[in-house]
Amino acid sequence: MRKTLLTIVLAVLCTPLFANTSLTDGFITGNPEIGTINAMTFGPENILFIGDSQGAQIVAIDMSTAPKATNEKLNIPDVELLLSELLGADSDQLQIIDMVVNPANQNIYIGAQHSSGKSVLFVVNNNSLEMVPLQSVSYTATDVSNAVTAEAKDRRGRSLRKWAISDLKYANGHVMVSGLSNAEFASTFRSIPFPFTQQQDASSLEIYHAAHGKYETASPIKAFTTTQINNESHLIASYTCTPLVVFPLSELKSGAHTKGRTVAELGNWNTPLDIIEMEKEGARYILMANTNRALMKIKVADIESFGNSLTTRVTERADTAGVDFINLPFVNVQQLDKLNDTEFVFIQREASGKLALKTSSNRWL
Amino acid sequence: MNAQSPRFSFASDTLTLKKANGSKKTPFTVYKGAYTTIDQTIHKKAILGEYTQNETTINFIPLLPFQKNSDYTVIYGNEVFPFTIALNPSYKKLAITTLYPNTDTVPSNFLKWYVQFSKPINPTKVYDHITLINNRDGTEVDRALLPLETPLVSDDGTLLTLWIEPGRQKRDLGPNKRLGEVLIPNESYTLLIDKNLKDRQGIPMEMDFKHSFTISNADRKKPSITSWELQPPLANTKDLLVITYKESLDYGSLQNNLQIITASGNIIAGDFTILSNQNSILFKPLNVWNKETYILKCKPIIEDLSGNNLERLFDQDVTTKKMAPILERSFRVE
């Protein structure tokens, strides 16, 4: 008996020392009731974050039990046809909303939306798409409804407002979310600590950007990523009105009027879709997919060396201004993510009109 | 055309097979498209959905409802059954009920429209159906509206926000300097929304929508509530408070950004009706008005048609001194 008691006491005393803490510890199994998939990103430990505008929530799903897909010779020549067949709907009723790669196993996930508003998650496997059911998953979620001004409804009780999540990233223990409002031309950017807590820091940020030092606009951020610039964590964000802007993450404080510094203008009528970072031979590059421009490549070292003159008027080049960027020979790239250290995966509208999923090596960097 | 087999019945959200006596056949598969032989479907993917069964039927519930007037095919053993779900002839087609603003004139730095539809729209590729025409020569204005891959549609799916390309509206940005504003003063334009824009069932509109307007000079002034006219209701009634104003304001930004409070700060329950196309706002109280002084309280993000709000210009000159905005107006109920 005494031995048993000693064992129990020792076990209790030792538990904290041996317990593995995981970011998924507080996850529950069930249905996260995802309304729409608007943006996705992977964090550490196989955690997939989904931005759900309709449900006004960010959902974190543990994907660690998902089997590794077979993605050799990756090439789907007509993703729209495949989706149309699987969902039984015309292509113009379907849209690919986002594509992300799990860095832990290179599984590629695609979020698609039907015009009815229903979203479906797929994983790429053997050059086809397999549906990923979300009715029973290990997950946690946080409410982002206070990012939206309380519901306004018209006389028939219809909701008129919309806060659409435009991009989502995980960095430094935070989930960062940008959003567009259908009512105000304003910036909504939130940085939410993860694991999610009840006492959430209502870190809704006022983010502005200045046009060459004179005019500033509370413009919405469209797409962003995080990277190290001069050994400090920065947000690289692109706006709906073309500038590419950098902020130190340390300046993103709740309630602060944070002004980003413009490093480049990306050209007229162009909204960035995805921004990723790739590395080659010790040099780091930002790759950016855009609605109306080719895939752009920017050397991070150029942004770093541009640092001293960010607040002054930049010299204009042809159609854009700021740091040099190179247009890569990939046009109409609609989705982009890093597949592994040497390859990126992308979905491209080809000259034939077909939407193809392909990969490319970093020889272009 | 419905299936040739009496054993199948079809609805938008279910396909039902009556089991033959003692039948142990594997469930059927359903494909998008009209096929006459099994060979034609060999390289096709079957539609995703769930199968359920009871003693007499096997049911297939597709992940998404079958589209109306579209071809599908069931493969059951060696049998092939093409089918369609017909659209109800009395189906009410999608229409545009209101455009905000619908004024004949907008400033050259005008920022956004809201299009109110009669029912939820298909947001996919919605910009392919919307163009801005210069009425002088009937040509399309190049790159006028900002295409967002996730269009800004209200949660109920009926209100679409259209942004004039903001890079060209903001002073000193490259596109503004090289190309100028999208809209040129004294010119006349037509917003055209073609009838191929569809609803969520995939059914297009009945007809094109056109709205013509002319352009005035840029608006570089913040709106102000000091010039708003408030017509106070009578005490002991539930009469409307009527607010009118001269400068047109942005429909979306007026939603939910207004409040009526008492002098001591208590919120008055009631409903606002935003009649931005008539330059007026109505407030209907839930309870009767008392004989006292009330305050109309506005949030600073209320905008005019050019994105200038009560607090700041769309493109604020950072070298000018900021003034605190006036956000409250009091009125006396007698």
Side-chain angles (χ1 to χ4, degrees), chain A residues 38 54 82 84-90 92-95 97 113-118 120 128 131 149-152 155 158-162 164 166 180-186 210-219 240-243 265 267-269 271 273 291-292 316 319-321 334, chain B residues 30-32 44-45 47-48 62-67 70 72 111-112 122-125 143 146-150 152-159 161 163 165-168 170-175 178-179 198 200 202 252-253 255-257 271 273 301 303 307 309 312 314-319:
Chain A
N38 294 82
Q54 192 174 308
L82 190 53
S84 176
E85 287 178 5
L86 289 167
L87 297 174
D90 290 341
D92 72 353
Q93 299 293 105
L94 300 168
Q95 187 175 5
I97 297 294
Q113 194 172 10
H114 180 245
S115 59
S116 62
K118 189 175 174 69
V120 189
S128 187
M131 192 176 79
T149 320
E151 282 289 284
R155 276 173 294 177
R158 298 175 305 186
S159 169
L160 300 175
R161 279 184 174 270
K162 172 78 164 192
S166 62
L180 306 181
S181 157
N182 72 335
E184 300 91 22
F185 190 77
H212 316 315
K214 189 162 185 204
Y215 298 106
E216 65 174 25
T217 312
S219 178
T240 49
C241 53
T242 87
E265 281 192 34
N268 177 43
W269 206 54
T271 61
L273 300 169
T291 50
N292 290 290
E316 275 193 50
D319 192 33
T320 52
Q334 301 190 352
Chain B
V30 188
Y31 295 87
K32 185 172 187 308
K44 304 287 175 190
K45 295 281 180 186
I47 293 173
L48 297 172
L63 192 64
L64 301 173
F66 295 120
Q67 291 178 173
S70 288
Y72 295 94
L111 196 61
K112 57 184 181 286
N122 169 13
T124 311
K125 296 164 190 161
R143 302 178 178 194
L146 189 73
L148 292 167
E149 81 277 16
T150 309
L152 291 170
V153 181
S154 59
D155 282 342
D156 75 346
T158 67
L159 188 72
T161 305
W163 277 345
E165 215 288 295
R168 286 179 63 177
K170 181 172 171 180
R171 283 173 288 178
D172 232 15
L173 276 181
R178 279 185 302 281
L179 302 165
K198 294 176 176 173
R200 286 189 176 174
S253 76
Q255 305 291 337
N256 213 50
N257 288 329
D271 290 321
T273 303
I301 54 176
E303 295 177 0
N309 70 28
R312 63 199 319 281
F314 170 66
D315 47 358
Q316 179 90 8
D317 185 339
V318 291
T319 60

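Chain letters run A, B, ... following the sequence lines, proteins first, then strands; residues in each count from 1.
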Heavy-atom distances under 4.5 Å only: say whether Y31(B) touches chain A with side chain, backbone, both or neither. neither

Does any non-hydrogen side-chain atom of L63(B) lie less than 4.5 Å from one of H114(A)? no

Heavy-atom closest pair (D90(A) atom, K32(B) atom, distance to 0.1 Å) is OD1-NZ, 2.7 Å

Measure the spacing between CG of L82(A) and NZ of K44(B) and express it to the nearest 0.5 Å. 10.5 Å

Side chain, backbone, both or neither of L94(A) within contact of chain B (heavy atoms, under 4.5 Å): both

How close do S116(A) and L64(B) get, heavy atom to heavy atom, and via which atoms? OG-CD2, 4.3 Å

Closest contact, heavy atoms only, P123(B) versus S115(A): CD-O, 4.0 Å

Working note: S128(A) + K45(B), criterion side chain to side chain donor-acceptor pair (under 3.5 Å); need CA distance, chi angles, decisive distance, verdict. CA-CA 10 Å; S128(A) 187; K45(B) 295 281 180 186; 3.2 Å; yes

Minimal heavy-atom distance between D92(A) and N122(B), with the atoms involved, is O-ND2, 2.7 Å

